[in-house]
Number of protein chains: 2
Amino acid sequence: MAVTIKDVARLADVAPSTVSRVIANNPRISEKTKRKVKEAMEYLGYHPNFNARSLANRSTQAIGLVMPSSADHAFQNPFFPEVIRGISTKAHEKEYALYMSTGKTEDEIFDGVVQMVQGRRVDGIILLYSRVDDRIMTYLQQQQFPFTVIGKPFKNADCITHIDNDNYKASQELTEYLISLGHERIGFVGGNLNLVVTIDRLLGYEKAIRDAALDYKDHYIVHEQFLKEGGQEAVKELFSLPDPPTALVVMDDLMTFGVISTLKELGLSVPDDISVASFNNVMISELSTPPLTSVDINIFQLGYEAAVGLLDCIQTCKLGKRVVVPHKLIIRQSCKPKLEGLETKETV
Amino acid sequence: MAVTIKDVARLADVAPSTVSRVIANNPRISEKTKRKVKEAMEYLGYHPNFNARSLANRSTQAIGLVMPSSADHAFQNPFFPEVIRGISTKAHEKEYALYMSTGKTEDEIFDGVVQMVQGRRVDGIILLYSRVDDRIMTYLQQQQFPFTVIGKPFKNADCITHIDNDNYKASQELTEYLISLGHERIGFVGGNLNLVVTIDRLLGYEKAIRDAALDYKDHYIVHEQFLKEGGQEAVKELFSLPDPPTALVVMDDLMTFGVISTLKELGLSVPDDISVASFNNVMISELSTPPLTSVDINIFQLGYEAAVGLLDCIQTCKLGKRVVVPHKLIIRQSCKPKLEGLETKETV
DNA sequence: TTGTAAGCGTTATCAT
DNA sequence: ATGATAACGCTTACAA
């Protein structure tokens, strides 16, 4: 049996409540007994039982993390480790631990959240993604349970604390960059259209295209899943068009790897035959061949601020803050100017 | 105030203990009351309080995960999401959740583990790495707390349940593959020498080199940190030797990206000027340019089996099993035969 | 088959 | 400044 507060109390010759006060660093306790108790704790190797504390306290010192279904392989995206690193950093400052429910399907994940919330396993929750019509978000709102969202809520954005980039603007800028290189036929390779981030980036792209008085063509827009499976088809179709794009805006660095790989199969090379620009600027982007031009969205900070926001929620029960994390275009070697009059070689 | 077991009991007109039995699915309870209680639970929207249950039960239904310090960026390695996906899958089958302590430095992480253990936050722990002389492992052994290790414990391997690849053999095979392509000057780019996996792979490499009666040269062996920072130097040195290697065995796909990028700076291209082979076969390996020849170590299964082993430990309190997850050489395009008499061009 | 009551290890509310 | 004592919500002997 582990050593409890009572054992400490007995050894220090005080009441259990006194020991509890010492732990909580209650100011009105004499230095003398404080020392005495601490010695006893040290001697016995005492460590507080978190469950007992949570029960009495109704606070767990843990934050729940909700990821997209690990079934779709979004999981493998380096975005997640990095955003968690950000969350973890802030959490640690306040001595919070992280809690993840397990579960593959939609329903399992939802049940996991319910368990976290109703089972009082966590003090608050961070949603690591934002989708159109998300049950979980609706549920958390109903429950008035503290939570923050990474990304922009599809609706009620002004009463949900969320941390986001200005993806609309970022996408617009990225597209404008390609336009400034002389590209006129620019495709968009998006991911899951249920994700709000996909929508925002698509809209930003459209804005830039229209502002530049270029044709906004539906068939320049394809959506592959974040990773390669199946997505290859979409890209291949794009390049079997009579007027294939000369540049591509891609949702995500990881997807870009898939795109580049597919293009290579088609005999097209980046950036010589086609320019590619994307988002996230994960570490490997810099190391890839060619190094990717990418919008750095400050993933770490996204996570850090989400934790800041959540801890705020937990303390003050206030919701509705919007934090915008700045982005920055990082220009590397995956884009080249479109030379006037020099047509991209037609696909096979 | 949340709805408790008492509320349910009152509504169903039974004793709290009966409700508890229904939850636990106790066989000796009449179908009638079982139904009655379940209805009441449904009606009130009852959910058990996990802390209370843990306290009474001394079981948390949570598994603690210990990662290497997130300070060194090992974290970004896709190995971790994938191994966690494996763990998560098994954990979910048995309705366990995952718990991660936060903390950057060695000491913080150690304290986190102590809190998990002594604070009864988890039922068992999985170490996601294995190092030489690890305090945490020593501590867990002393405490006789259920844990499993991914990788091979440096010592006491036979009394610690661990899940590992046969890294020695894998490395030997990978090196032999390079030798079979005609390479005679083969370098080894390792990572942190405190990691047991590094040591095993280095030894396997050495074995293959010696078996083939090639020179085992110390200066063909460099150790860069897992990610690029600083590591560039080591690789550069390697290629300023009078007799630079024509092929490289690299610890890890992610490191390979760094290596390839550095080589490109030196004007060397893979696989034309130099062959590179590595380990892990993370998803991007297939999508990279060139696609990497890599040993698939079944990361998912590594995680899955670690969870299996841990849950076993928790139930039976038995330790000391060793599970070897099979590996498989995946040949792609990062290696080329060394042509006889055709010297690699000297570095600048 | 079900109820009663004593824990589980804390914190919190009174007293003193 | 400290001590009793009652929660916190659940499980589990032991009784019935």
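None of the values given here were measured: they were computed from a predicted structure. In what follows, chains are A, B, ... by sequence order, proteins preceding strands, each numbered from 1.
- Note on B/V19: nothing from the nucleic acid sits closer than 4.0 angstrom, heavy atoms only.
- Per the geometry, CZ belonging to A/F50 stands 10 Å off P belonging to C/dT11, to the nearest Å.
- In terms of phosphate contacts, B/N57 brings a side-chain nitrogen or oxygen within less than 4.0 Å of OP1 or OP2 of D/dT12.
- If you measure from atom CG of B/N26 to atom C1' of D/dA13, you get 13 Å, rounded to the nearest angstrom.
- Distances from the side chain of B/A15 to the nucleotides D/dT11, D/dG3, C/dT4 place C/dT4 closest.
- Between B/D7 atom CG and D/dC10 atom P the separation is 9 Å, expressed in whole Å.
- In this structure, B/K32 places its NZ atom 12 Å from P of C/dT1, rounding to the nearest Å.
- Spacing between atom CG of A/L55 and atom P of D/dA7 amounts to 14 Å, rounded to whole angstrom units.
- Both A/P16 and A/T33 sit near DNA chain D, but only A/T33 has its closest nucleotide nearer the 5' end.
- For C/dG3, one of the phosphate oxygens OP1 or OP2 lies less than 4.0 angstrom from a side-chain nitrogen or oxygen of B/T18.
- Between A/Y46 and B/V14, the residue whose closest nucleotide on DNA chain C is further toward the 5' end is B/V14.
- Atom CG in A/N51 sits about 14 Å away from atom P in D/dC10, given to the nearest Å.
- Salt bridge status for B/D133 with B/K155: present, with a side-chain N to carboxylate O gap under 4.0 Å.
- Under 3.5 Å, the side chain of A/R21 and the base of C/dT13 form at least one donor-acceptor pair of N or O atoms.
- Within 4.0 Å of B/R28, counting heavy atoms only, lies at least one base atom of the nucleic acid.
- Relative to the side chain of A/R53, the nucleotides D/dC10, C/dT11, C/dG9 differ in distance, and C/dT11 lies closest.
- Taking 4.5 Å as the limit, every side-chain heavy atom of A/I297 sits out of range of all side-chain heavy atoms of A/V325.
- Look at A/S17 and you won't find any side-chain N or O under 4.0 angstrom from OP1 or OP2 of D/dT2.
- Rounded to a whole Å, the CG atom of B/D13 is 12 Å from the C1' atom of C/dT2.
- Distance A/M41 CE to C/dG9 C1': 15 Å, rounded to the nearest Å.
- Remark: side-chain polar atoms of A/S88 are not paired, donor with acceptor, to backbone N or O of B/T102 under 3.5 angstrom.
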**Request:** Could you walk me through whether A/S20 and A/S17 pass the side chain to side chain donor-acceptor pair (under 3.5 Å) test, one step at a time?
**Result:** CA-CA 5 Å; A/S20 176; A/S17 47; over 6 Å; no
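- Residue B/S20 is in base contact, counting any heavy-atom pair closer than 4.0 Å across all strands shown.
- An OP1 or OP2 oxygen of D/dG9 is reached within less than 4.0 angstrom by a side-chain nitrogen or oxygen of A/R58.
- In A/E93, the CD atom is crowded: over 12 heavy atoms of neighbouring residues, nucleotides or ligands sit closer than 6.0 Å.
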